[in-house]
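This report concerns only the one structure given below.
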Amino acid sequence: MQSPDAAIDELTRTVTTLGFKGALVNGHTFGTYYDERAYDPFWACLQALDVPLYLHPTDAYVTPRVFDG
């Protein structure tokens, strides 16, 4: 999930080639949360593949950005 494009490639590969039924990821990657616009194509791919994603809860990264400002 460090790179949305790489995440799309890996999700597509694991579902179409390896037969995975979905994916599991942590709630953030080094403080990057997946509601950023850069991840919109990832969510579109997940929907197109029609597979579920389990968003694993994890501790906040240092100071969560939700508390900024």
Side-chain angles (χ1 to χ4, degrees):
M1 294 299 284
Q2 291 89 342
S3 162
D5 291 335
I8 289 168
D9 291 344
E10 186 64 1
L11 177 65
T12 302
R13 182 184 77 85
T14 58
V15 170
T16 61
T17 303
L18 301 178
F20 281 34
K21 304 299 182 192
L24 178 151
V25 298
N26 287 326
H28 66 82
T29 299
F30 303 118
T32 298
Y33 295 90
Y34 310 128
D35 60 348
E36 293 185 2
R37 293 192 90 37
Y39 285 92
D40 287 353
F42 172 80
W43 296 114
C45 177
L46 190 73
Q47 186 172 1
L49 290 170
D50 195 28
V51 294
L53 178 108
Y54 176 66
L55 189 61
H56 190 277
T58 186
D59 293 335
Y61 184 73
V62 185
T63 304
R65 287 188 281 168
V66 294
F67 297 123
D68 285 353

- According to the salt bridge (Lys or Arg N to Asp or Glu O under 4.0 Å) rule, which pairs have a member within residues 13-27, sequence neighbours left out? Glu10-Arg13
Quiz: residues 41-55 side-chain donor-acceptor pairs under 3.5 angstrom, not counting sequence neighbours:
| from | atom 1 | to | atom 2 | distance (Å) |
| --- | --- | --- | --- | --- |
| Trp43 | NE1 | Tyr34 | O | 2.9 |

- What distance separates Asp5 CG from Tyr39 OH, expressed to the nearest 0.5 Å? 10.0 Å
- Message: Test: salt bridge (Lys or Arg N to Asp or Glu O under 4.0 Å). Region: residues 26-35. Which pairs qualify, not counting sequence neighbours?
- Response: none
- Message: Test your reading of the model: is there a side-chain donor-acceptor pair from Thr14 to the backbone of Leu11, 3.5 Å cut-off?
- Response: yes
- Message: For Asp40, give me all partners under salt bridge (charged side-chain N to carboxylate O under 4.0 Å, His left out), at least two apart in sequence or on another chain.
- Response: Arg37
